Amino acid sequence: MERPVTEPSAPGVQDIATLRQRYREGKAVLMAELGGENASARGMRRALRQLARLTDQTLRTLWYRAGFKTTYALLAVGGYGRGELFPYSDVDVLVLMPDGMKPEDDEILRGRLETFIGACWDVGLEIGSAVRTTQDCLTEAAKDVTVQTSLLECRLIRGNKALFDRLVRQLQEAMDPRAFFVAKSLEMRQRHNKFENTPYALEPNCKESPGGLRDLQIILWVAKAAGYGRSWDELARKGLATPLEARQIKANEAMLSLIRARLHLLAKRREDRLVFDLQTAVAESFGFRAHTPPVEVPTGDGPNHAPTPPSAKGVRRASELLMRRYYWAAKAVTQLNQILMLNIRERLNSEAMMIDRLRPINERFFDKGGTLEIARDDLYESQPHAILETFLLYQTTVGIKALSARTLRALYNARPIMNAAFRADPVNRATFLAILKQPEGITHAMRLMNETSVLGRYLWVFRHIVGQMQHDLFHVYTVDQHILMVLRNVRRFFIPEHSHEYPFCSQLAAGWDKPWILYIAALFHDIAKGRGGDHSELGAQDVRVFCRQHGIPREDTQLIEFLVAEHLAMSRIAQKADLSDPDVIGAFARRVGNERYLTALYLLTVADIRGTSPKVWNTWKGKLLEDLYRYTLRALGGRAPDPDAVVEARKREALTLLALHALPHKAHEKLWATLDVSYFMRHQADEIAWHTRVLTRALAQQATQSRAVPAALAVPGSPESTPRAEKCIVRARVSPEADGLQVMVYASDQSDLFARICGYFDESDFNILDARVHTTRDGHAMDTFQVVAPTLSEHYRELIGMVENDLAQAIDRKGPLPLPSKGRLSRRVKSFPVAPRVDLRPDDKAQRWLLSVSASDRNGLLYCISRVLAEHHVSVELAKISTLGERVEDTFLISGPQLQVNKRQIEIETELLKALES
């Protein structure tokens, strides 16, 4: 608790307008100082202190104007109590009264309080106020640790000094440092959970996120409560922090504080999040500019030494440079918070005679109450091999759950030891490989190695992607966090307790002999992100060097290199290619070569997609990947897809399913006579049976209603011998193999049918995942859509009825296609727009055309695309809809006479680009 400033003489009475003008002018000067490109850490702290002093002076004047007696005291509490005030932070004050007094019992006091608080707002102070007696403060502090923390930093602004001193003394007497430490530790854990326990969020809160300013404040709070010190220098003098740690803390605190101050200035309000909208502006306020940086060889840790590899496109955004600095600062704060909090806990426990017993593990390490403790402080300097041994023991020693404060501090100070010679040491290479080959603990060990900077120090190429953002709106993690998430996903395939998550992956993993091959591939699959060129190829080169240096056998090296080089291939083919085409499957089978390579690539692909964002993976993508795996496995086994055999097999299976639904014998024949091989190749037996069952009944009902010619009297081959749809038929069901609905449309074919269907789904807030379009021999469209809606799980019955009725009406409605609505862009898309791309080229057989589209996602986008195609009488035969975060990557198989004319092709591409940009 800070001592009060000397009470000044009573200021002269000033009117509110004059006070407001003076406060605004003084604040404007300080804000200009904070916003300058050359603002230093020292200048920033001075400006924040001066802003607090300016506020103090204004409050003193308003307190005097309100006519308060010396009986009361005005206290600054919370962040304002620390004597530093950010530009738009709340001004938290406490009006302290002697015990026994109540504002509700004193009309004069109540009036003065209302006058004072109203005047504060009139002047421009965003004040947060409380009125309490000393006993009230003690009672509330005992009940609520937040109130206790706020009062811990209280200081006197004006009024009764004796009353203030009494409160400070009584708060100290009531303080239980150990209980306070436990409460604040639990509070910190809950706060970290709220932010997913990572400092690497794409829009971090520089105050509350892990590694933010709050993590530093909590150290000082618990230290003050225990009487260990009020500043970083004091903590260093008392042995709780080293001089190096104190310097690192002050440097990173200044960086985070300046970022927070700039956020307030640019947002013109209290804004502590580095949101996408402000990242570029904040970066430019620091002097960052988009440029092509040289490859630096880092010489130390921390934000000032973060390596800066060139980006894939040769230019790094200003916001990317800022966020990299932020992540390195947040990572350092996370490490230092852990070290100092553990030190404070150990000292509190020793004072309470609660000392953990040391159990020897070997001559270098002890088990200290479940934490791994080094035998002496200079262990890593004298025996560098012990650095990686730390993590191997962390994995393999039963009962070890964490590293002790002493060990963490020694690792922090041992960073310069991990140089090129350390990386080339055969013992260290063997230890690192042993960590990857352990039967358990790999994920936790690698994450701990990254948190302590050991992973990037040992695996130098990994160091370049620590804290690197990915501006593709697809990944929600930085590159290093994504890699560790993919490693974790692969690891879970091999853990029986997680087999319920992805049973097929767990089944394949159970028969896999060398899990460490997949772990290495996961570590390297994106390790070359941001260097320029193809990161898959560069990563394959990196992993080849790694395997050679670590003595990995040639056969295993080839598989690992293949996985890194081809880690994007399987997802791209599954989501964009026509899996019913035997040529597609055959080409992919030749690419993977054998079942072992296919299985490894499948497991890595599933883990990779799941590790990008919680929103990207869905069961439909899982089904596409599994279908591709099974088709390719069949082809690798010498059973190349035979269209005729596949069709006959699916027909037989569909007939078996139809028999279970009591469909009359041969009732399917009329419909099937209108369907060609491509229909049966693109649909599974269950879908064929469903289509046949619902269409046969619906068409029979329509025929009865229209008094059609009886089938028995119809002449084979005549129009009456095939089913005709008088009206559009729409049927929907809950998808049996994926999330969402399957919707089948059967209607007379028309050039704008696909566009009308897309328009309905967009208007109704459905997302289309897949579309298979088929034209029957008698001129009907039989289209199948896979769609999802937010309310499906709770209201699927109502949704099915709504879709079947409303979509049929939308299709039967004649007239021109409505103009597309102006889809609202998300905040992320506005900050990181995707340059629209259209690629139109003939397929391998030169019979149809492949249209690939990439753009920022928005409502109505698919309708815009389909509308352009409909206007040019282009038919859509297959649509692969892939949404990657806020980016869409859609592929269409299309046909039409317009595509044979170069001039028309250019017109279509131009109009599509215009539609994507609008």
Side-chain angles (χ1 to χ4, degrees), residues 196-202 204 209-212 248 251-252 255-256 274 293-312 316-317 319-338 387-388 391 408 411-412 414-416 418-420 422-423 432 435 443-472 475-488 520 522-532 535 538-539 542-543 546 611-612:
E196 298 182 352
N197 291 301
T198 177
Y200 298 110
L202 296 189
S209 288
Q248 289 281 343
N252 288 300
M255 177 68 179
L256 295 175
L274 268 165
V295 177
E296 299 177 5
V297 177
T299 57
D301 276 337
N304 297 323
H305 301 286
T308 310
S311 70
R316 302 204 69 177
R317 303 168 191 241
S319 59
E320 186 176 352
L321 298 173
L322 169 74
M323 294 309 297
R324 193 167 179 81
R325 288 282 300 276
Y326 171 84
Y327 291 136
W328 279 76
K331 181 180 180 182
V333 168
T334 301
Q335 290 177 264
L336 293 164
N337 167 273
Q338 191 176 18
I387 293 176
L388 292 183
F391 301 94
L408 287 168
L411 283 172
Y412 191 79
R415 290 169 296 167
M418 293 177 271
N419 52 24
F422 177 88
R423 291 186 285 275
F432 186 78
I435 293 171
T443 302
H444 295 299
M446 288 295 157
R447 283 180 172 170
L448 186 58
M449 289 177 73
N450 189 40
E451 290 168 7
T452 54
S453 301
V454 173
L455 184 56
R457 286 279 176 171
Y458 176 77
L459 203 60
W460 197 252
V461 287
F462 188 91
R463 182 174 171 77
H464 290 296
I465 48 86
V466 172
Q468 181 179 321
M469 291 183 71
Q470 304 186 73
H471 292 280
D472 56 8
H475 297 79
V476 299
Y477 308 109
T478 54
V479 183
D480 59 321
Q481 293 301 302
H482 164 68
I483 285 176
L484 295 177
M485 185 66 74
V486 174
L487 175 64
R488 168 249 192 199
I520 294 174
L523 270 179
F524 279 85
H525 81 285
D526 273 355
I527 210 162
K529 278 282 186 76
R531 277 196 234 160
H535 78 277
L538 294 173
D542 289 338
V543 82
F546 173 88
T612 55

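Position 1 is the first residue of the sequence, and the numbers go up from there. The shown structure was predicted, so the numbers you read here are calculated from the model rather than taken from an experiment.
- Proximity of F391 to L455: side-chain heavy atoms (C-beta onward) are nowhere separated by under 4.5 Å.
- Here the side chains of R447 and M485 are in contact, with some heavy-atom distance below 4.5 Å.
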Verdict with reasoning, V479 to H535, per side-chain contact (heavy atoms from CB on, under 4.5 Å): CA-CA 12 Å; V479 183; H535 78 277; over 6 Å; no

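- In this structure the side chain of K529 never reaches within 4.5 angstrom of the side chain of H482, judged on heavy atoms.
- Look at K331 and D480 and you find no salt bridge, because none of the NZ, NE, NH1 or NH2 atoms lies under 4.0 Å from a carboxylate O.
- Using modelled atom types, one side-chain atom of R423 and one backbone atom of R457 make a donor-acceptor pair closer than 3.5 Å.
- Here the side chains of E451 and Q335 are not in contact, with every heavy-atom distance at 4.5 Å or above.
- Residues M255 and V333 fail the side-chain proximity criterion, which asks for heavy atoms closer than 4.5 Å.
- Of all the heavy atoms in D542 and A528, the pair that sits closest is OD2-CB, 4.3 Å.
- In this structure a side-chain-to-backbone donor-acceptor pair under 3.5 Å is missing from R325 to L322.
- Judged by distance alone, the side chain of H525 and the main-chain N or O of A522 form a donor-acceptor pair under 3.5 Å.
- Atom CD1 in I483 sits 4.0 Å away from atom CD1 in I465 (nearest 0.5 Å).
- Using a 4.5 Å heavy-atom threshold, the side chains of L484 and T443 count as separate.
- I527 has its side chain within reach of F462: a pair of non-hydrogen atoms, C-beta onward, lies under 4.5 Å apart.
- Using cut-offs of 30° and 60° for the angle between ring planes, the F546 and F432 rings count as perpendicular.
- Atom CD1 of I387 sits about 10.0 Å away from atom OG1 of T452, to the nearest 0.5 Å.
- Between A329 and L256, the shortest heavy-atom contact is CB-CD2, 4.3 Å.
- Counting heavy atoms from C-beta outward, I435 and M446 have side chains that approach closer than 4.5 Å.
- Between Y200 and Y327, the two ring planes are tilted [angle within 30° to 60°].
- Taken from CG in N252 to OH in Y326, the straight-line distance is 11.0 Å, to the nearest 0.5 Å.
- When all heavy atoms of P210 and A330 are compared, the pair lying nearest together is O-CB, 4.3 Å.
- In this structure, the side chain of R324 engages the main chain of V466 through a donor-acceptor pair within 3.5 Å.
- The distance from atom CE of M418 to atom CG of L388, rounded to the nearest 0.5 Å, is 8.0 Å.
- Put simply, CD on Q468 and CZ on R463 are 13.5 Å apart, with the number rounded to the nearest 0.5 Å.
- Taking CG of L408 as the start and CD of Q338 as the end, the distance is 4.5 Å to the nearest 0.5 Å.
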